[in-house]
Every structure is written in structure tokens, then in C-alpha cells.
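Here the structure is laid out as C-alpha cells; the discussion comes afterwards.
All values reported here derive from a predicted model rather than from experimental measurement.
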Amino acid sequence: MTDPRPAKPDVADVFASPLVQFLAIARHENLTHAAAELGVAQSSLSRALVRWERGLGLPLITRVGRHVRLTRHGRALQQALLRCSEGLDRASADLSENLDGDGGAVALGFLNSLGSRLVPEILRAYRGSHPEVKITLHQGGSEFLHNALREGDIDLCLTSPAPDSPEFAAAKLLTEQLVLVVPPAHPLATRTRVALADVASENFLALPRGYGLRTTTEQLCALAGFTPHIVFESTDTATLRGLTAAGFGVCILATAPDASDSIEIPISSPPASRPILLAWSITRTESRATASLRQYILDRLR
């Protein structure tokens, strides 16, 4: 059966240039053989060689019958280009893993709070059927993730809120309920539900600015009619829970059923939740490995 996938391209061919063409001429010392290797017409290669010499103002070859020989200027250029070619070969080897339909590499970004359960569950299931794919992980706040996605440092990200730019696409995967986390001895610890207005005078703990949950916390408190008095910030939600358990204040976090050192109270007013989304760039070419992981996450969680 014919493989329906497109043939795997040669990375060096993708980046072929006059420099690569000159190295072929130098290697064969024959324009016909060099043109055959490169898959171009000999006349085109001859005209290109004339253009290079005119542009440099230096003779690069001398013609000897059907063959050519490099001048001293040509030999100097050859040595410089061979060093460049070695670098290209190394880069090609690194990039070629992304051109394998069964393997490849993906950089996945995610919110810190998703690192304890959701991301490991996704990776365990995905790697079971795609063991050849190399996945690198990057975690941080939503602002960091959106910038990394924009710069091409990551290929996919699990984030909240969605990136606010037409260069991204995003699909909602699930909704996380947010809760008020209080110390075990807090007066509200026995409540089954709580209105945020009831803790307007409390000290708050929160993620730093640049994190989506920090923005959400401030927005929820504003809807409840107050500005939270934030006394500690941390990028780690486990640290926030620990500080809360130690009595330093209260905080708003996504529910964590396995957290036992603090008390979670559902928030009745205002409604408190956040969407978790998968986001990716629609302005860059997507590798097969990235497309595979993206579709797997969408199929599993949507």
C-alpha cells in the first residue's frame, strides 16, 4: 500500500543556496556533475557562477577543458563555506526529527497549577501510543506562555485565559471550579459555601501579576465590591496553600481534591470558575508531531 504521507524533505535542500551550489562545483570540479547533483540546468549554474564572480570582483575558478579548478580565492571561499556547511548539517540533524511522521519533537507549555495532575495524565496516555515523540515541557503564567507561543519557543500551551490575538487559535477543554482556600482554624472553615464579600477584610495570598489566576482573583473581588489586600505572592500554588494553612491569609485557587493541609470552600457569589484552553499559533507551519499531540488533547478532553 502506498504511504499517503508526503515524502520527508531533506532539510539541507530546503535551505539550499548559492553557497551550497558553489560547494558542489568545488567538490566535483565539473559543472555538469555539480548541476546533476543539484538538479539544476548546467547553464543556470554557469550563469550563477559568473554573477558570484562579478559580485565579489574576484575570480573563483579557472576552466581546464571540461573541468574547472578553484583559484586561491575560490579555495579560501570553499574552506569558509565548509565550516558553514558543517553547522548546517548539525542544524539539519536537529530539525529532521520534526519531519518524521512517527516521531518528532513538541514543546508543550502549561500553567503551573496544571502540572500536578492534568499534564501528567495527558502525557502518560499520549506517550503510551506515541513513544517516539520527544516532548519538552515549559511552565509558567499565562503571560509567559502567550509570549513563548508568539516567539515560537513552544508549540502548544494549556492556558487560561485565551491569548488575545488573531495569530492564535484556542479551544476550550474543560472548566475548573475556583474555591476560597482558608486555614483549618478559620471561622469560615465549616461553611459549605461562601460569598467573597465575607472575606473582604481578610489578607489575601495570590499569584504574581502576569498569571491568569491573579487577574481572575482581582476581577472576582471587584465583582464582590472590594480590592483584595495581597500580603504574599508566589508562583507556586502549593506554596500558596502552605502559607494559607499557616494562617497568613486566604486565597482563590482551582480545587485540588488531594490538598489536606487547608480547607476549600466553594464560592457562591460571584460565580467562580475559569476555562482551561489549548492554544496554538495559526501563523506558523505545524510539524506532524505537534499536530498529532494537539489533536490527541482535543479528542481526549473536549
Worksheet entry | Listed partners of A246 passing side-chain contact (heavy atoms from CB on, under 4.5 Å), at least two apart |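 If we apply the side-chain contact (heavy atoms from CB on, under 4.5 Å) test to A246, skipping adjacent residues, the hits are F248.
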
Exercise: identify the closest heavy-atom pair between [X] and [Y]:
X	Y	result
V181	T244	O-CG2, 3.4 Å
I252	C221	CD1-SG, 4.5 Å
A291	E286	CB-OE1, 3.3 Å
S142	G212	OG-N, 3.0 Å

Worksheet item: Does a donor on one side chain sit under 3.5 Å from an acceptor on the other, for T255 and E264?
Response: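 On atom types as modelled, these side chains qualify, holding a pair under 3.5 Å.
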
Discussion item. Checking side-chain polar atoms at under 3.5 Å, does N147 have a donor or acceptor matched by the opposite partner on E151?
Written reply: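 No, because no side-chain N or O of N147 sits under 3.5 Å from a partner of the opposite role on E151.
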
Minimum side-chain heavy-atom gap [X]-[Y] below 4.5 Å:
X	Y	answer
N112	D236	no
L60	F22	yes
R274	L111	yes
V250	F204	yes
T215	E143	no
L82	Q78	yes
S113	L253	no
L77	L58	no

Discussion item. Atom CG of residue position D164 - does it have more than 12 heavy atoms of other residues, nucleotides or ligands inside 6.0 Å?
Written reply: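 No - once you tally the heavy atoms of other residues, nucleotides and ligands closer than 6.0 Å, there are 12 at most.
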
Applying a strict under-4.5 Å side-chain criterion to I, L, V, M, F, W and Y, I'd like to know whether [X] and [Y] cluster together.
X	Y	result
V50	L23	no
L180	L223	no
V64	L45	no
Y126	L277	no

If only atom types and distance count, is the side chain of [X] paired as donor or acceptor with the main-chain N or O of [Y] below 3.5 Å?
X	Y	value
E53	I61	yes
N30	H67	no
T71	P59	yes
S160	P275	yes
R69	T62	no
S287	T290	yes
R75	L70	yes
T217	L213	yes

Fill in: R300 and E121: CA distance, side-chain angles, deciding distance, salt bridge (charged side-chain N to carboxylate O under 4.0 Å, His left out) verdict
CA-CA 11 Å; R300 180 179 176 84; E121 289 173 0; 5.6 Å; no

